[in-house]
Amino acid sequence: MQRASDLLVAVSSGAEEHKARILDLAFSATEELRLVAQEQDSLWIFDVDRGYETLNQIEYKRRFEPVDPTLEEIFRLISEGRPRDLPGFNENVECQSSHMSCEGSRANGMVYRSPVCLVSMFMDVDKWTSTFSNIVSKAINLAGLTTGNMENANGSVQVMHAEFHICSPLIPPRQMYLVRQSRRIDNSTWVVADVSLETIYPNPFPTSKRKPSGCLIQALGDGVSKVTWVEHNAEREGSMFKALLESGVAYNAKRWMSTLERQCERIADDSLNDKGSGAARNGLLKLAERMTRLFSFKIFSTTESGWRGVNLPGVDGILIKNWLIPPRVAVSIATSLWLPMKQDQVFNFLRNEQNRAKWDILSHGMEVEEVVRISSPRNSTDLVSVVSQCSKRGAITYLQESYNDSVACYTAYAPVDVRTMQHILQGGTADSVAILPSGFVILPDGSADRSSILTVAFQIIDEELTTPQELPESSLITAYKLIRDTVSLIQTALLQETKWQCPPPP
């Protein structure tokens with residue numbers, strides 16, 4: 001069904017009637033984004049607690065959306081300080097409908113990339129997806145309506161299908177058709193804007209809409225750019241993530257800006273510090289980057305469909321799937337749970353290698369040592385490390401990466417053969433190293449600073465399986481016990497630091 005819809009949009013986008021409307025929509029989006037990104041007055045309200053600006057929806061509607069005379073009068077009364085509790089007011093100013101929440105935000109940052117390089121990155125759908133793999137599950141370029149000029153992507157317009165995730169397989173990604181345009185405003189300023197296409201390809205039951213969103217890029221010289229990121233979306237959500245998603249925090253502009261800064265720092269990785277050097281450092285960073293992207297892709301992307309509930313008595317909220325890694329079969333299992341503890345508290349516990357034996361069943365009784373650490377001066381939580389665990393039974397080496405994107409905190413790890421890791425640490429290539437990541441994502445729950453949502457995901461090779469089409473009960477029970485016992489150990493260990501009484505496992 002999705003492929004059929006993609007094909008329909010791809011073909012019809014080239015029809016003259018639709019093409020003209022899409023090009024007009026794209027240009028209008030870049031123009032609106034340019035104005036919104038540069039606006040300095042009452043359109044934006046700085047949120048001290050969140051550390052970024054939020055959009056004044058009433059002011060936005062007054063300036064950028066047509067309103068009837070009655071609504072214009074309401075705006076006038078509010079601007080004069082008159083009573084705001086007016087009949088029908090809430091229904092008129094809602095972003096979409098009473099069942100959809102609206103979110104708009106803006107954040108600024110500086111990155112060590114020129115505007116032309118950034119625009120090239122954003123207009124290449126594969127590079128864009130790779131750069132924002134912690135946010136973008138999947139993106140497909142369906143049609144290129146214009147290609148820009150020979151030197152750069154000025155004026156390029158693309159129609160695409162994109163999915164945006166919130167770091168839990170329990171909640172489906174946002175899916176939408178977008179048009180994206182890049183425009184050079186002057187010799188030093190560019191704008192890249194998205195807007196969803198529901199006005200051209202209407203959906204009778206939309207769950208996500210993207211108003212003009214993207215970034216304004218200004219050259220500062222010496223390959224440095226100032227980026228102003230704007231996110232403006234409407235969404236219908238539910239479940240334990242309801243408060244987080246309705247708060248507008250989940251997909252805010254600061255998250256995109258933080259991710260871009262982090263990725264550009266990786267590209268110019270001479271700013272990173274480590275205990276190794278040269279080729280060894282670069283090999284570890286590239287392997288860690290591949291590990292975290294694979295973790296997001298396998299756990300959160302609907303492209304990697306096949307998630308199903310664990311069909312065992314009394315078990316709810318745990319998903320499982322199996323898939324082929326020729327010639328073997330891997331099993332993925334994941335769940336999300338609410339914790340009455342601060343996000344940073346849970347993150348610091350899970351990323352600390354000295355705590356590993358408290359939650360990792362395979363680490364019990366083993367000596368743990370961090371043998372390599374590569375940290376970022378920009379953000380102390382951005383850390384790649386090699387952890388060695390030794391006992392009389394043998395040794396295990398893990399590659400681990402921990403970071404945050406201003407919303408979610410991530411810890412991904414994967415076992416690496418001891419000899420293979422020694423080869424990498426001696427400067428050998430890591431391009432062909434097979435890796436199967438597991439890990440954790442910690443989100444704020446959106447309602448209080450003292451609680452969070454933890455997603456736990458494991459991926460393991462099941463030597464007994466020969467085909468991904470089957471999952472015998474023995475494999476199902478083994479995977480379920482692994483995640484059940486790990487969750488229980490995490491809750492018990494965190495209990496030692498609080499007075500919270502953890503619930504019994506299902």
Side-chain angles (χ1 to χ4, degrees), residues 167-168 288 291-292 295 299 317-318 331-373 375 380-404 408-416 418 421 436-445 450-460 477-506:
C167 306
S168 173
M291 174 183 69
T292 54
F295 178 71
I299 303 301
I318 300 178
V331 176
S332 302
I333 188 165
T335 191
S336 296
L337 63 149
W338 180 84
L339 293 173
M341 299 168 189
K342 291 183 178 180
Q343 182 185 27
D344 288 347
Q345 181 182 8
V346 180
F347 179 49
N348 290 333
F349 170 80
L350 291 171
R351 72 190 183 104
N352 187 341
E353 75 281 355
Q354 296 302 321
N355 290 329
R356 190 176 189 96
K358 298 178 182 179
W359 58 263
D360 185 359
I361 299 171
L362 297 178
S363 297
H364 285 193
M366 303 187 79
E367 297 181 2
V368 180
E369 180 186 6
E370 183 184 73
V371 296
V372 174
R373 169 181 289 227
S375 58
S380 61
T381 64
D382 191 346
L383 179 66
V384 173
S385 60
V386 176
V387 178
S388 176
Q389 298 182 166
C390 301
S391 71
K392 295 180 180 179
R393 302 189 302 273
I396 303 176
T397 303
Y398 290 98
L399 176 65
Q400 177 173 299
E401 178 163 18
S402 299
Y403 68 98
N404 74 58
C409 297
Y410 306 80
T411 294
Y413 65 90
V416 179
V418 173
M421 181 58 73
L436 188 62
S438 299
F440 311 97
V441 181
I442 308 102
L443 290 161
D445 76 346
R450 297 183 179 181
S451 52
S452 56
I453 298 172
L454 169 65
T455 293
V456 183
F458 292 120
Q459 300 193 105
I460 55 177
I477 292 175
T478 298
Y480 164 67
K481 287 183 176 179
L482 172 63
I483 200 165
R484 179 200 65 185
D485 293 347
T486 301
V487 167
S488 180
L489 288 170
I490 291 172
Q491 291 175 325
T492 300
L494 290 172
L495 175 61
Q496 297 176 0
E497 303 179 23
T498 69
K499 297 180 180 180
W500 172 60
Q501 183 175 359
C502 60

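Since the model is a prediction, treat every value here as computed from it, not as a measurement.
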So CD1 of Ile318 and CG of Leu337: to nearest 0.5 Å the spacing works out to 9.5 Å
Side-chain heavy-atom pair Val386, Tyr398 within 4.5 angstrom cut-off
no
Once rounded to the nearest 0.5 Å, what's the spacing between atom SG of Cys409 and atom CG of Asp344?
6.0 Å
Stepwise, does the side-chain contact (heavy atoms from CB on, under 4.5 Å) test hold for Leu399 with Val387?
CA-CA 6 Å; Leu399 176 65; Val387 178; over 6 Å; no
Report yes if the side chains of Thr455 and Thr335 come closer than 4.5 Å at any heavy-atom pair, otherwise no.
no
Please report the shortest heavy-atom distance between Ile361 and Asp485, naming the atom on each side.
CD1-CB, 3.9 Å
Are any side-chain N or O atoms of Ser488 and backbone N or O atoms of Arg484, one a donor and one an acceptor, separated by less than 3.5 Å?
no
For Ile299 versus Ala457, what's the shortest heavy-atom pair and its separation?
CD1-CB, 3.8 Å
pair Leu362-Gln389: side-chain heavy atoms closer than 4.5 Å
no
Calculate, to the nearest 0.5 Å, the distance between atoms CG and CG belonging to Leu494 and Asn355 respectively.
9.0 Å
Point-to-point distance, once rounded to the nearest 0.5 Å, from CD1 of Ile396 to SG of Cys390:
9.5 Å
Contact summary for Ile453 and Ser336, nearest pair of heavy atoms
CG2-CB, 4.3 Å
What pairs with Ser438 under side-chain contact (heavy atoms from CB on, under 4.5 Å), at least two apart in sequence or on another chain?
Tyr413, Phe458, Gln459
Give the minimum heavy-atom separation between Val418 and Ala395, together with the two atoms involved.
CG2-O, 4.1 Å
Given Ser388 and Glu369, is the side-chain hydrogen bond (donor to acceptor under 3.5 Å, both in side chains) satisfied, shown in steps?
CA-CA 5 Å; Ser388 176; Glu369 180 186 6; 5.5 Å; no
Determine whether Glu401 and Leu383 make a side-chain contact, defined as any pair of heavy atoms from C-beta on separated by less than 4.5 Å.
no
Indicate yes or no: does Asp360 engage Arg356 in a salt bridge with an N to O separation below 4.0 Å.
yes
List in chain and number order the residues that pass side chain to side chain donor-acceptor pair (under 3.5 Å) with Thr397, two or more places apart in sequence or in another chain; answer none if no residue qualifies.
none
For Ile442, does its backbone N or O pair with a side-chain atom of Gln343 as donor and acceptor, under 3.5 Å?
yes
Audit row: Thr492, Lys358, side-chain contact (heavy atoms from CB on, under 4.5 Å) steps and yes/no
CA-CA 9 Å; Thr492 300; Lys358 298 178 182 179; over 6 Å; no
Distance-only donor-acceptor check, side chains Asp445 and Ser452, under 3.5 Å:
no
Begin with the C-alpha distance, continue with both residues' side-chain angles, and end with the deciding distance and a verdict on side-chain contact (heavy atoms from CB on, under 4.5 Å) for Phe347 and Ser402.
CA-CA 9 Å; Phe347 179 49; Ser402 299; 4.0 Å; yes
Show the nearest heavy-atom pair for residues Gln400 and Arg351, with the distance to one decimal.
NE2-O, 3.0 Å
Ignoring hydrogens, what is the shortest heavy-atom contact between Glu353 and Val368? Give both atom names and the distance.
O-CG1, 3.4 Å
Pick out which of Tyr410, Phe295, Trp359, Phe349 makes a ring-ring contact (aromatic ring centres under 6.0 Å, His included) with Phe440.
Trp359
Take Leu454 and Leu443, measure what side-chain contact (heavy atoms from CB on, under 4.5 Å) needs, and give me the verdict at the end.
CA-CA 6 Å; Leu454 169 65; Leu443 290 161; over 6 Å; no
Using the side chain to side chain donor-acceptor pair (under 3.5 Å) rule, pick out the option among Thr381, Thr411, Asp382 that qualifies with Asn404.
Thr381
